[in-house]
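Beneath this line is the structure, given in structure tokens, with notes to follow.
Chain naming here is simple, since letters A, B, ... match the order of the sequence lines and numbering starts at 1 in each. The structure displayed is predicted, hence computed values, not measured ones.
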Amino acid sequence: MHSSPHASPLLQGLNNEQAAAVTLPQTHALILAGAGSGKTRVLTTRIAWLMQTGQVSPGGLLAVTFTNKAAKEMLTRLSAMLPVNVRGMWVGTFHGLCNRFLRAHWKLANLSQTFQILDTQDQLSAIKRLSKQFQVDDERFPPKQTMRFIAACKEDGLRPKDVVVRDPDDRKRVELYELYEIQCQREGVVDFGELMLRSYELLRDNDALREHYRHRFQHILVDEFQDTNKLQYAWLKQLAGPVGGGGGAILAVGDDDQSIYAFRGARVGNMADFVREYNVTHQIKLEQNYRSFSNILDSANHLISHNKGRLGKNLHTTQGAGEPVRVYESATDFAEAQWMVEEMKQLLRDGKDGEGTNGVQARSEIAVLYRSNAQSRVIETALFNAAMPYRVYGGLRFFERAEIKHALAYLRLLENPLDDTSFMRVVNFPPRGIGARSIEQLQDAARAMGCAMHDSVHAVAGKAGANLSAFVAKIDVLREQTQGKNLRQIIELLLDHTGLIEHYQAEREGADRIENLQELVNAAESFVTQEGFGREAVALPVDGQMINPDTGETLSPLAAFLTHAALESGDNQAQAGQDAIQLMTVHASKGLEFDCVFITGMEEGLFPHENSMNDFDGLEEERRLMYVAITRARRRLYLSHSQTRMLHGQTRYNLKSRFFEELPEHALKWITPARSAFADAMPSRRDAWQNPAWQNNAWGGGAATAVAPKPVAQRAAPVSSGPNAWVRSGVQVFHTKFGEGAVVSIEGVGDDARAQVNFSRHGTKWLALSVAKLTQV
DNA sequence: AATGTTAGAGTTTTT
DNA sequence: CTCTAACATT
């Protein structure tokens, strides 16, 4: 078929491994793609090559990613390579593709044709509503926890009946899961997990359908395979069928060293399982890195080599050593931030002078990475004081804003009046005299009749009932008025008639919200055009049937837009456009690259995070996270830690991160001023630093089982004079108010001495030893 | 129903 | 410290 693999211009500029991956035959294969090794390029070129050589038609291919951003990127690059209509292709996110599948087979999936998608906010409010209705003690079963439980079950592919119950609490949670399912089904809504699970089950249980898709998708490409959860892998297996069964070939692309989403169900183990279950003989490693200088790569390689059970990969580059990785220690978190700002200023000055390698050309080429969002504040303060423009990633996205969600809730009620989540959101917004009492009555009525709140308003008597009926009438009138109108007109009508705009006009801070609502109108219009409906298309056809010729979905423009809003929450478009320093968590930085990267807060307890370092897997994931952070940098990398840090209103004394010990000495350069004024001023550093419990708990021994670190009594000299001089780390004490507890650590000397005590009934407290009333147990 | 007060919690995040 | 949610007050 392809006697000379390099004949196609598509393959030009690829290295041997990349070209080999692109031109693989139709078999199951695993591409281990290291950071910066051209993974996306390989994926898109593979698709283009398959189509160009006639091995597959656009319809015979399925490519799946995790984020909309990645999917979009793939499609953009693809259409640049080939003259092909990409819109009809099955390229998208797991959830996007499942949605498409369920829209096409809604009847078989036992869904309403107008099913709506719940985002996390909606899901939580649905569970809160459920908890209230069934009088669940939300102290014992917090709605958030229930939500996580349900999501985790679905990620594992478990329905209520499949969950193994270990204790009465579990039983209750499963019961809630069951009730939640009934509620969702009645209301015609699905959450994110349900999109996946329902699709998987439909494929599993419907032989004809499954065979159809197995036959259709000859090539299945999976991006970021290391982040797939159990259910997603099972879904892929349904599509591909058994080995040798004539189904499609899975090309899995991933990097086990960059698996950082275990906390949301990702299973790195899927990679090894895939190799075993599909007898994968075609494994290609992309180890040539085109991004970073070797000091940076060496650091990454050296660090990650401390993880066990890796598939094994070592990045290399033909670029030189480059700048050393600079390490800085500061006295306080604020000093750390200030130092960083000064360093940035210098880098930007050097960049202006056109020194090339020494400076940075644009602020947007500088990124500050941190482990947790709370760390951004002090950095923001320093940047703000220096009048340095910056942008913080994360936070509320467009479709998650309250005013947008209100408008969408009205839209959803036009589509699906049974959606009680949307009903509840706007029944009294803007306020129309329907208070908690009225809503309670309505819920009682709805439960008694076993129907939606929308359909039970007539059962509520008196003024409350009149108000509720008026609201429903308003929605119904609105639906009447949408006849023959396009989407933009409908939204404008809605904003006007519901009084949303009016409400925000009266509000002091409402101007931004009104602006956002107007932006929603624009977003809707550009969506409708881009999706090929045509700007003036009637948004809600009378008979409900409308088939998108590209996708085969039976979606009206309105329904499609609502889906779009649920599945793509949009960017947090904060001051985009301006050249600014980039601030984000390490997680958020995955997939990005910058000339210069600062990794801050490199401290025990922060990075690795204290909640993750007590078990082996958690620590390994923290290390992978660090690996991701390091490999974001092209030319310059800074690592910094601080001796003290304000966290939750308390000053913490953190040890420097253990990860420093895992970096290669030759690549590092310590740039902390030798004569640091603060070193002596620090209160009893030795004592403060010796105490954290985990210090005595070495993982280096290769322990494979999790061991909780135990406080170890210190040999240190007494830190406190006076009555509490006997207090030591690890000692059991009794406090007149807090009861019994264990001393975790001690810091400071003399009158400043404080002990951190973990009380069994009141949690961890810091007590001043000069005043605390403690007795030895 | 709007506004003020207090208690509690506070990794990481996409869909 | 800082944000949120629940509670209390007018």
Side-chain angles (χ1 to χ4, degrees), chain A residues 64-71 92-99 117-125 128 138-139 142-144 148 151 154-155 190-197 199 224 227-229 231-232 259-266 333-334 369-378 381 393-397 399-400 428-439 506-507 563-572 584-591 601 605-614 618 621-622 624-626 628-629 645-652 762-764:
Chain A
V64 63
T65 64
F66 274 88
T67 64
N68 291 299
K69 199 175 152 198
T93 63
F94 278 101
H95 295 86
L97 294 180
C98 284
N99 174 64
I117 300 165
L118 300 184
D119 68 11
T120 317
Q121 284 177 42
D122 300 330
Q123 200 186 352
L124 186 63
S125 66
K128 280 183 178 166
D138 50 7
E139 293 271 292
K144 273 207 180 105
R148 249 173 293 151
K154 292 189 180 183
E155 277 156 11
V190 298
D191 60 34
F192 290 128
E194 189 68 26
L195 284 173
M196 277 303 320
L197 185 50
S199 303
E224 306 276 21
D227 285 334
T228 50
N229 63 34
L231 177 59
Q232 285 157 341
S259 168
I260 55 173
Y261 286 114
F263 69 90
R264 65 176 201 213
D333 47 354
F334 188 68
L369 308 185
Y370 36 81
R371 176 65 235 270
S372 63
N373 287 304
Q375 289 169 252
S376 76
R377 181 156 238 102
V378 66
T381 307
Y393 282 74
L396 263 196
R397 268 115 24 117
F399 287 114
E400 291 169 358
N428 196 36
F429 196 94
R432 45 176 76 87
I434 300 174
R437 264 318 295 269
S438 311
I439 289 169
E507 209 174 60
T563 297
H564 166 78
L567 290 179
E568 305 191 33
S569 9
D571 286 328
N572 71 326
M584 66 192 83
T585 63
V586 180
H587 280 95
S589 76
K590 192 170 169 214
L606 257 187
F607 202 1
H609 195 276
E610 54 197 342
N611 294 357
S612 303
M613 58 193 196
N614 287 337
E621 179 141 318
E622 294 290 306
R624 291 194 290 268
L625 202 47
M626 182 65 193
V628 167
R645 182 174 298 277
M646 277 294 269
L647 196 66
H648 306 328
Q650 282 190 322
T651 304
R652 307 214 334 184
H762 292 89
T764 308

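Atoms CE and CG, from A/M646 and A/D333 in turn, are 8.0 Å apart once rounded to the nearest 0.5 Å. To the nearest 0.5 Å, atom NE2 of residue A/H564 and atom CD1 of residue A/I117 are 11.5 Å apart. A/R432 contributes atom CZ, which lies 12.5 Å from atom OG of A/S438 (distance to the nearest 0.5 angstrom). Put simply, OG on A/S589 and OH on A/Y393 are 11.0 Å apart, with the number rounded to the nearest 0.5 Å. Annotation: the span from A/F334 atom CZ to A/R377 atom CZ amounts to 13.5 Å, rounded to 0.5 Å. Separation of atoms NE2 (A/H95) and OG1 (A/T67) is listed at 12.5 Å; rounding is to 0.5 Å.
Nucleic acid contact class of A/G193 (heavy atoms, under 4.0 Å, all strands): none. Using a 4.0 Å heavy-atom cutoff across all strands shown, A/D119 reaches no nucleic acid atom at all. At a threshold of 4.0 angstrom between heavy atoms, the contacts of A/Y261 are confined to the sugar-phosphate backbone, with no base atom among them.
The nearest heavy atom of DNA chain B to A/A566 and to A/S372 marks one nucleotide each, and the one closer to the 5' end goes with A/S372. Annotation: of the two residues near DNA chain B, A/R432 and A/E400, the 5′-most nearest-nucleotide partner is A/R432.
With a heavy-atom cut-off of 4.0 Å to chain A, the contacted part of DNA chain B has its first and last nucleotide at B/dA1 to B/dT15.
For A/A565, the side chain to side chain contact (heavy atoms under 4.5 Å, CB included) partners at least two apart in sequence or on another chain are A/F399, A/L408.
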Run the side chain to side chain donor-acceptor pair (under 3.5 Å) test on A/D191 and A/Q123 for me, step by step, so that the C-alpha distance in whole Å, both residues' side-chain angles and the decisive distance to 0.1 Å come before the verdict.
CA-CA 7 Å; A/D191 60 34; A/Q123 200 186 352; 3.3 Å; yes
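When the C1' atom of C/dA5 is taken as reference, atom CG of A/L124 falls 12 Å away, rounded to whole Å.
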Polar atoms only, N or O, under 3.5 Å: list the protein pairs with nucleotides 6-8 of chain C and their distances.
none

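On the C1' atoms, C/dA5 is 23 Å away from B/dT12, given to the nearest whole Å.
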